[in-house]
Undergrad: 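I'd like to ask some things about the structure below.
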Number of protein chains: 2
Amino acid sequence: MLKKERQAYILHQVNLHNKVLSSSLSADINVSEDTIRRDLMELAEEGKVIKVHGGALSHSFSQVHFPANEVYSQSQKKKIANKAISLISNGMFILTSGGTTILEMARSLPPQLKATFISGSIAAILEYMHHPNIEVILIGDRISKSSKITVGPEAIAKIRQMKADICFLGTNAIDLNHGITDNDWEVVQLKRAMIESSQKVVCLSIAEKINTFQPIHICDLSKIDILITELPADDPSLLPYAEAGIRVL
Amino acid sequence: MLKKERQAYILHQVNLHNKVLSSSLSADINVSEDTIRRDLMELAEEGKVIKVHGGALSHSFSQVHFPANEVYSQSQKKKIANKAISLISNGMFILTSGGTTILEMARSLPPQLKATFISGSIAAILEYMHHPNIEVILIGDRISKSSKITVGPEAIAKIRQMKADICFLGTNAIDLNHGITDNDWEVVQLKRAMIESSQKVVCLSIAEKINTFQPIHICDLSKIDILITELPADDPSLLPYAEAGIRVL
DNA sequence: GAAATTCCCGCACAAAAACGCACAATCACG
DNA sequence: CGTGATTGTGCGTTTTTGTGCGGGAATTTC
C-alpha cells in the first residue's frame with residue numbers, strides 16, 4: 001500500500017468517525033504504529049486532522065473555538081456572500097451545500113427575500129430558519145457527524161427528484177485540470193447530485209482554494225456556470241477560469 | 001476514549017446543564033474521579049469552565065440571574081428524562097418527537113449508549129449529534145418555523161416506512177377522555193405517524209399537563225404503552241391511567 | 001464539631017511517543 | 001548501468017503522558 005493511499009484512507013476514517021486510534025489503524029492496514037503516527041503527524045501539519053495522544057481527531061471536533069483564523073477570513077467570506085446574494089431573486093428554488101462560506105451567505109440574506117432554500121446542512125438550515133420569509137426544505141437521511149450534513153442514498157434520491165433554479169456550492173478545492181474536488185466521499189456524492197439537479201451551478205470559493213485540489217473528483221469545470229471569490233472579477237489569477245467559459249464574479 | 005474527546009464531552013455537558021458533578025461524570029464515562037478532576041482543572045485553566053468544589057460550573061452561570069422557577073422545572077424534566085433513558089438499550093431504533101422534555105432526554109443520554117435515533121426536530125438532532133456513539137437519522141421535508149420540526153407528506157411517508165423499537169413523544173396534553181391532544185395540525189400528523197410506526201409508544205409529560213387537553217386529537221390512551229412523569233409511579237393522580245392499562249413510570 | 005465528601009500529593013504502571021538506527025526500495029544522474 | 005542519495009518503514013530503547021490508587025489534608029454539611 002502506498003503512503004498517499006494510506007493517508008487518504010486515514011483521512012477518510014477520521015472524517016467518517018471523527019476520531020481514530022493509532023492502534024486500530026495500525027491493525028487495520030497492517031503497518032506499524034510508528035508509521036501511522038508519522039502519517040498522522042504529516043496530516044496534522046497540513047491541518048487535515050488534529051493529532052492527540054493515542055490517535056487523532058477530526059477538525060470539526062474542536063472547530064467550536066477557532067476565533068483568530070475565523071475572524072480573519074470572515075470579511076472575505078462576507079464579500080463572497082454578497083456577490084452570491086445578488087444572484088438570488090424572489091421565488092427561486094435554491095439548493096445549497098454546507099460550509100462556512102454558505103453559512104455566511106445564509107446570514108446575510110436580505111430579510112424581505114422570499115425564496116425556498118433546500119439543504120442537508122444542519123448549520124445552514126438553522127440560519128435559513130431565522131429568516132422570516134424563507135421557506136426551508138430539509139433533505140433527510142443519516143447524519144454524517146464529521147460534516148454535519150445528511151448523507152446517504154435517500155438524500156441523493158431526494159435531490160435528484162427536484163429541479164432547482166440555482167445551486168450554491170461551498171468549494172474546498174478548484175483547479176483547471178481537476179475541476180472541483182473534495183476529500184469526503186459522502187459529501188462528494190451529495191454535491192454531484194446537487195449539480196445535476198440545478199439549472200445553474202455557482203461555486204463559492206475563497207481565493208486560497210483556487211488552483212488547489214483534493215483526492216476526490218466532483219465535476220469538471222464545464223459544469224460550473226459561475227465562480228465567486230473575494231477577489232475582483234478581473235484578477236489575473238481568475239483569468240484562466242473566465243477563458244474556460246465560466247462567468248467570474 | 002481519548003482525553004480530548006472526554007474533555008469535549010465534559011464541556012458540552014457543562015454548557016448544557018450549567019453545572020456538572022465530578023462524581024456523576026465519573027460514573028457516566030467510567031473513569032476515576034481523579035481523572036475527571038484533572039480534566040476539569042485543564043478546562044478551567046483554559047477558561048472554558050469554572051472549577052468548584054465537587055464539580056464545575058458553566059461560565060455563563062457565575063454572573064447571570066438565577067431564575068429559581070426555571071431550575072425547578074428543569075429538574076422535573078431531568079427526572080422524566082432519566083426514567084425514559086432506562087427504557088433504552090443498545091442497538092435500538094428510536095423515534096422521537098421534539099419538545100423540551102425530549103431535549104432534556106437527549107442531553108442526558110449516557111455516552112456509551114449505541115443506538116439509532118430518528119427525528120425531525122432540529123433541536124433534538126443537534127443534541128443527538130453531540131453524542132459519540134449515536135447514529136442519527138434526520139427526517140426531511142419542509143420545516144415548520146413555529147415548531148422547528150420537519151413537517152409534510154414526505155416526512156410522514158418516511159416515518160411510515162420504518163419500524164422503530166420505541167417512540168418517545170413529548171406530550172402537550174393528556175387526558176382520560178381525549179387521549180393525547182395537541183394544538184398544531186402538522187405536528188399532530190407527525191406524531192400519529194410515529195405512533196403507528198413504533199412497537200412501543202412512550203409519553204413524556206410533566207405533571208401539570210396531565211388531565212388537560214388541546215383542540216386536536218392525536219390518539220386514544222389505548223395506543224400508549226408507557227407514561228412517564230416526574231411524579232412517583234404510585235402518585236394518586238396517575239392511578240386512572242394505570243387502570244386504563246398504561247404502564248406508569 | 002463530627003461525619004462525609006472532595007481534594008491534593010506521590011507513586012506505580014501501562015500505553016503511547018520520540019529517538020536513533022538498520023535496511024530495503026526508489027530515484028537521480030553522470 | 002551503477003552508484004550514491006533519498007525516502008519509507010520497522011524495531012529496540014528511552015521518555016513522556018495518561019490514569020488509577022492510597023492516604024492524609026481540606027472542605028462541606030448538618
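Here the structure is a predicted model, which is why all the values come from computation and not from measurement. Order of the sequence lines sets the chain letters (A, B, ...), proteins ahead of strands, with each chain counted from 1.
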Undergrad: Which one, D/dT9, C/dA16, C/dT6, comes nearest to the side chain of A/Lys3?
TA: D/dT9

Undergrad: Roughly how many Å is it from CG in B/Asn30 to P in D/dT19, rounded to a whole number?
TA: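 So the CG-P distance, B/Asn30 to D/dT19, works out to 13 Å.
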
Undergrad: Considering only heavy atoms and no angle criterion, is a donor-acceptor pair shorter than 3.5 Å present between the side chain of A/Asp34 and the base of D/dC11?
TA: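 Check passes, donor-acceptor contact within cut-off.
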
Undergrad: Can you tell me how far C1' of D/dT19 sits from CD1 of B/Ile10, to the nearest Å?
TA: 14 Å

Undergrad: Give a yes or no on whether the backbone of A/Gly54 and the side-chain of A/Ser22 come within a donor-acceptor separation of less than 3.5 Å.
TA: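 Confirmed, A/Ser22 side chain pairs with A/Gly54 backbone.
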
Undergrad: To the nearest Å, how far apart are A/Leu21 CG and C/dA17 C1'?
TA: 15 Å

Undergrad: Judged by modelled atom types alone, do A/Asp235 and A/Ser237 share a side-chain donor-acceptor pair under 3.5 Å?
TA: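 Side-chain D/A pair, A/Asp235 to A/Ser237: present.
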
Undergrad: Rounded to whole angstroms, how far apart are CD1 on A/Ile36 and C1' on D/dC11?
TA: 16 Å

Undergrad: Looking only at side-chain atoms of B/Thr35, point me to the closest of D/dT27, D/dT17, D/dT19.
TA: D/dT19

Undergrad: Strictly distance-based, threshold 3.5 Å: is any side-chain N or O of B/Ser119 a donor or acceptor partner for the main-chain N or O of B/Ile125?
TA: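 Such a contact is absent between B/Ser119 side chain and B/Ile125 backbone.
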
Undergrad: Are any side-chain N or O atoms of A/His217 and backbone N or O atoms of A/His178, one a donor and one an acceptor, separated by less than 3.5 Å?
TA: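 A pair under 3.5 Å: yes.
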
Undergrad: Whole-Å distance between D/dT9 C1' and A/Arg38 CZ?
TA: 6 Å

Undergrad: Take the protein atom CG of B/Leu2 and the nucleotide atom P of D/dG18, then report the distance between them rounded to whole Å.
TA: 11 Å

Undergrad: In whole Å, I'd like the distance from the CD atom of A/Glu42 to the P atom of C/dA17.
TA: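 Atom-to-atom, A/Glu42 to C/dA17, this comes out as 15 Å.
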
Undergrad: Given D/dG10, C/dC7, C/dA17, identify the nucleotide with an atom nearest to the side chain of A/His53.
TA: C/dA17

Undergrad: To the nearest angstrom, how far is A/Arg37 atom CZ from D/dG8 atom P?
TA: 18 Å

Undergrad: Would the base of D/dG8 count as contacting A/Arg6 through its side chain, where contact means a donor and an acceptor less than 3.5 Å apart?
TA: no

Undergrad: Of all the choices, C/dA18, D/dT19, D/dT9, which nucleotide is nearest to the side chain of A/Met41 once you look at every atom?
TA: C/dA18

Undergrad: Name the nucleic acid region contacted by B/Lys51, choosing base, sugar-phosphate or nothing; use a 4.0 angstrom heavy-atom cut-off, strictly under.
TA: sugar-phosphate

Undergrad: Check the side chains of B/Asp34 and B/Ser32 for a donor-acceptor pair under 3.5 angstrom, ignoring hydrogens and angles.
TA: no

